[in-house]
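To find a chain, count down the sequence lines: A is the first, B the second, and so on, and within it residues start at 1.
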Amino acid sequence: MRWTQALIPTLKESPAEAEILSHKLLLRAGLVRKLTGGLYIFLPLGLRTLRKVEQIVREEMDRAGALEVLMPALQPPEIWEQSGRYETAQAVFFKVRDRAKKEWILGPTHEEVITTLVAGELSSYRQLPKNFYQIQTKFRDEIRPRFGLMRAKEFIMKDAYSFDATEDGAQASYKKMYDAYTRIFQRCGLKAMAVEADTGVMGGKFSHEFMVPAETGENEVVYCDGCNYAANMEKATSRHMMHADTGDKELPIEKFATPGATTINALTKPPYGVPAHQQIKTLVYVANDKPILILLRGDHQLNESKLTGALGTATFRPSTPDEIVDLLKAKPGSLGAVGVKDIPVYADEVLRGASAMTTGANEDGFHLRNVALGRDIHPAHWADLRTTQVGEACATCGKPLKIQRAIEVGHVFKLGTKYSKALNALFVDESGVQNPAIMGCYGIGVTRTLQAVIEQCNDKDGIVWPVSVAPYTVCITPLSVAKDGAVMQLAEKLYSELTALGIDVIMDDRDERPGMKFKDSELVGFPIRIGIGEKSLAKGEVEIKPRAGALIPTKPEDAVAKVLELIKAHS
RNA sequence: CGGGACGUAGCGUAGCUUGGUAGCGCGCUUGCUUGGGGUGCAAGAGGUCGUGAGUUCAAAUCUCACCGUCCCGACCA
């Protein structure tokens, strides 16, 4: 490709709409342009990179034995009703109507479609296992699209679905995908980590997310350097340790006045001086239209994902102050569970056996001290409900946990039989009995992965593409473009030789000043630049410059070999 | 959905408080210049100031509504 024939609209300044670095670079390097919020146009250079990411994904899925298919983006609502997800997934649907006013759904995901296919096509254990995948556009009515391609209304996803006859088989299918994902992100030049994840609305048994550490990520990962423990914040746990100086268990409850002190923090200060970990935080929620109390240690935070698990429903919300006053006869800030009857109490595991605790008295301006769990409060349910904090002890090895923000680029789920049962994906086993297939599903955000690469691979001058996904591997930069000049003739020679070897080469044949060409090639981030100018040519050299390395003066006749060597070293 | 900020040429922005000729930089066009790190000079083109209504002799500027963009939040009493 010649630069003068391409469309590479680089920008000196970032558009104001871009907040995070990778988004700015996407725009500045001329890879994408925004059509409107959450919708992006891939320009030629951006599309080349996207195709390379897709190709890596495709090769690794094929290697893992998955079969590529292509399903329609438009889906009938009936199959969603059949799977039971029509209501719960409602919020993310984009819906369209045909001329007969019938409703259709622009697919946010494809479990229903693939399971319908399998229900019709597979009937014997002899045909299993099977794993189908596609690389296709998904539509989700996101609450808040943001950060360019990171969270968009329309995005490209690789989704795969495995069907197995046995638990062991399903486990093996899961493992294959896990390994394939590890290879995929590695090949894209990403440092990704697999973490235990919450299964959320997908249902299913367990799952791992593939996370790319980045401060701009929307997720938080809890991990341990001591062992291999790593989990999404939504799921992460820590050792259930009560604070050591929990106090005398025998002291009787004592009510004391705390005028104006309505926060945990206020009670830690004089004249009260109650450390936050000696306090019980009492939250009032409404779950399935019924009130519940949630107890946490004062210095802990509720984790709603865990609450979803403990309650078995995601239908809950914090109570309003009015509801709380009606229920407990006190305002938030003086709430407690002592003496409360008829309201289910959910307590965090950390509070088990705690004594000498301080909590609200359910009377404005008063608290209780010397409260003991098990004596004064009898929770109906114990569960891990708190948000893990940095420095807490790893549940596995006891070392202090660390927290890192990250971008979720992939997710593997072990689904079980939820969809195969609902949509009749049954098969006959060896003994002639019909069983639902055991499923797994596996997603990679392809467009998000692309942006994650930029987020991770850049420097002050622009993108630093890994060879594997760079839009062009080599940028030839002649510093003067006179057709009959020695510089351009050598540039043309190298261009045709490298192109003939199957290398993606772009030649910056613009009649621009050297500084501008250098800046542009660095902004776009081509892995290798070959600079050819009269000065270097006079010394019998061309200048090979790896994007991330030092300049290598090279004899023109050795240039092709040197480039091949560099590509090999970086692949 | 709630809160906040913003909307002026392709991009970045000034002007708005205190109403009165729409300005600058980048980019673009032309000419000269320069030619190894976003050259310099000169001349140009490019604007329904997001949309609509209102106030006013007069609105980019004040008021209201709508649309759009971006950020934060949608829990921690």
Side-chain angles (χ1 to χ4, degrees), chain A residues 7 9-20 23-24 27-28 30 33-39 91 141-148 151 216 218 234 261-267 276 279-287 293-308 314 316-325 327-328 330-336 348 359-360 362 364 367 385-387 389 461-462 477-482 485 487 510-523 529 531-539 541-543 545 551:
Chain A
L7 176 68
T10 56
L11 300 172
K12 218 168 177 176
E13 291 171 292
S14 311
E17 74 204 31
E19 189 75 13
I20 69 170
H23 188 192
K24 288 178 181 170
L27 295 165
R28 286 191 58 210
R33 284 294 181 264
K34 184 175 73 170
L35 177 62
T36 181
L39 297 175
D141 189 2
E142 292 287 347
I143 296 176
R144 181 151 83 90
R146 61 181 130 179
F147 302 149
R151 187 168 289 280
T216 52
E218 295 188 88
E234 293 176 348
T262 57
T263 62
I264 300 285
N265 193 34
L267 280 176
Q279 300 186 41
I280 301 172
K281 180 184 287 187
T282 308
L283 308 179
V284 186
Y285 268 61
V286 177
L293 295 188
I294 298 162
L295 307 186
L296 295 162
R297 211 169 75 179
D299 54 338
H300 287 161
Q301 318 284 325
L302 176 64
N303 179 326
E304 290 202 345
S305 301
K306 292 181 181 177
L307 182 61
T308 303
F316 57 77
R317 60 172 176 84
S319 296
T320 65
D322 287 347
E323 287 170 337
I324 291 173
V325 171
L327 193 70
L328 296 174
K331 289 182 200 149
S334 304
L335 305 180
D348 183 61
T359 185
N362 287 337
D364 290 345
H367 279 76
L385 295 172
R386 72 196 177 283
T387 300
Q389 294 172 350
D461 295 314
T477 307
L479 299 184
S480 68
V481 295
V487 167
R510 294 176 299 173
D511 186 11
E512 291 289 353
R513 294 176 58 84
M516 171 145 182
K517 293 188 172 191
F518 292 146
K519 286 285 183 193
D520 266 352
S521 76
E522 282 154 10
L523 175 59
R529 182 175 70 211
I532 309 172
E534 273 152 18
K535 287 188 187 170
S536 54
L537 217 50
K539 288 189 278 180
E541 290 170 351
V542 297
E543 292 164 354
K545 170 76 173 65
L551 195 141

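Across B:G10 and B:A5, the matching C1' atoms stand 24 Å from one another, rounded to whole Å. Taking atom P on both nucleotides, B:G2 is separated from B:U61 by 26 Å, rounded to a whole Å. Taking the C1' atoms as reference points, B:U17 lies 11 Å from B:C62, given to the whole Å. Taking atom C1' on both nucleotides, B:A58 is separated from B:U33 by 47 Å, rounded to a whole Å. Across B:C6 and B:G12, the matching P atoms stand 16 Å from one another, rounded to whole Å. On the P atoms, B:A59 is 15 Å away from B:U51, given to the nearest whole Å. Rounded to whole Å, the C1' atom of B:A53 lies 16 Å from the corresponding atom of B:U48. For the P atoms, the distance linking B:G3 with B:C49 amounts to 29 Å, nearest Å.
Ranking B:C75, B:U69, B:G12 by closeness to the A:P15 side chain, first place goes to B:G12. Side-chain atoms of A:E13 lie closest to B:G12 of the nucleotides B:G38, B:C75, B:G12. Of the candidates B:G37, B:U69, B:C11, the closest approach to any side-chain atom of A:R529 belongs to B:G37. Side-chain proximity of A:A16 to the nucleotides B:C70, B:G12, B:G38 is greatest for B:G12.
By the 4.5 Å heavy-atom criterion applied to side chains, A:L385 and A:L296 are counted as neighbours. In this structure, A:F147 and A:T216 have side chains that are not in contact, with every pair of non-hydrogen atoms separated by 4.5 Å or more. Between A:R510 and A:M516, some side-chain heavy-atom pair lies under the 4.5 Å cut-off. Put simply, the side chain of A:R297 does not reach to within 4.5 Å of the side chain of A:I280, judged on heavy atoms.
At whole-Å resolution of the value, NZ in A:K24 and C1' in B:C70 are 12 Å apart. Taking atom CG of residue A:L35 and atom P of nucleotide B:U69, one finds them 10 Å apart after rounding to whole Å. Note: CD (A:E17) to C1' (B:G50) measures 15 Å, nearest angstrom. One atom, CZ of A:F147, and another, C1' of B:C72, lie 10 Å apart when rounded to the nearest Å. Summarising the geometry, the separation between CD1 on A:I294 and C1' on B:A77 is reported as 12 Å, rounded to the nearest angstrom. Between the CZ atom of A:R146 and the P atom of B:C70 there is a distance of 11 Å, given to the nearest Å. Atom pair A:I143:CD1 and B:G3:P shows a separation of 16 Å (rounding to whole Å applied). To the nearest angstrom, P of B:C11 lies 9 Å from CZ of A:R33.
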Provide a list of protein-nucleic acid N or O atom pairs under 3.5 angstrom, restricted to nucleotides 30-36 of chain B.
{"from": "B:U34", "atom 1": "O2", "to": "A:R513", "atom 2": "NH1", "distance (Å)": "2.6"}
{"from": "B:G35", "atom 1": "N2", "to": "A:D511", "atom 2": "OD1", "distance (Å)": "3.2"}
{"from": "B:G36", "atom 1": "O6", "to": "A:G533", "atom 2": "N", "distance (Å)": "3.3"}
{"from": "B:G36", "atom 1": "O6", "to": "A:G533", "atom 2": "O", "distance (Å)": "3.4"}
{"from": "B:G36", "atom 1": "O6", "to": "A:S536", "atom 2": "N", "distance (Å)": "3.1"}
{"from": "B:G36", "atom 1": "O6", "to": "A:S536", "atom 2": "OG", "distance (Å)": "2.9"}
{"from": "B:G36", "atom 1": "N1", "to": "A:E543", "atom 2": "OE1", "distance (Å)": "3.0"}
{"from": "B:G36", "atom 1": "N1", "to": "A:E543", "atom 2": "OE2", "distance (Å)": "3.2"}
{"from": "B:G36", "atom 1": "N2", "to": "A:E543", "atom 2": "OE1", "distance (Å)": "2.2"}
{"from": "B:G36", "atom 1": "N2", "to": "A:E543", "atom 2": "OE2", "distance (Å)": "3.1"}

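As judged by a 4.0 angstrom heavy-atom cut-off over every strand, A:L335 is placed among residues making no nucleic acid contact. Among the atoms of the strands shown, none is found under 4.0 Å from any heavy atom of A:T387. Residue contacts shown for A:N303 are absent, as no nucleic acid heavy atom lies under 4.0 Å away.
Within the structure, every side-chain polar atom (N or O) of A:K517 is placed at least 4.0 Å from both OP1 and OP2 of B:G37. Of the side-chain N and O atoms in A:T36, one or more sit less than 4.0 angstrom from OP1 or OP2 of B:U69. A close approach under 4.0 Å does not occur between any side-chain nitrogen or oxygen of A:R144 and OP1 or OP2 of B:C70.
With a 3.5 Å ceiling on both atom-pair distances, the Watson-Crick or G-U wobble partner of B:A42 is B:U30. Across all strands shown, the partner of B:G2 is B:C72, judged by Watson-Crick or G-U wobble contacts whose two distances both fall under 3.5 Å. Applying the Watson-Crick and G-U wobble criteria (two distances, each under 3.5 Å), B:C66 pairs with B:G50. Nucleotide B:C24 is matched to B:G12 when pairs are restricted to Watson-Crick or G-U wobble geometry with both distances under 3.5 angstrom.
Residues A:L302 and A:D461 both approach RNA chain B. Their nearest nucleotides, taken by heavy-atom distance, put A:D461 toward the 5′ side.
Between the side chain of A:K34 and the backbone N or O of A:L39, no donor-acceptor pair lies under 3.5 Å. When atom types are taken as modelled, the side chain of A:D348 and the backbone of A:R386 share a donor-acceptor pair closer than 3.5 angstrom.
Tested against A:L335 for a side-chain contact (heavy atoms from CB on, under 4.5 Å), the candidates A:T262, A:T359, A:T282 yield a single pass: A:T282.
When every heavy atom of A:R529 is checked against every heavy atom of A:E522, the shortest pair comes out as NH1-OE2, 3.1 Å. In terms of heavy-atom proximity, A:G336 sits nearest to A:L293 at O-CD1, 4.2 Å.
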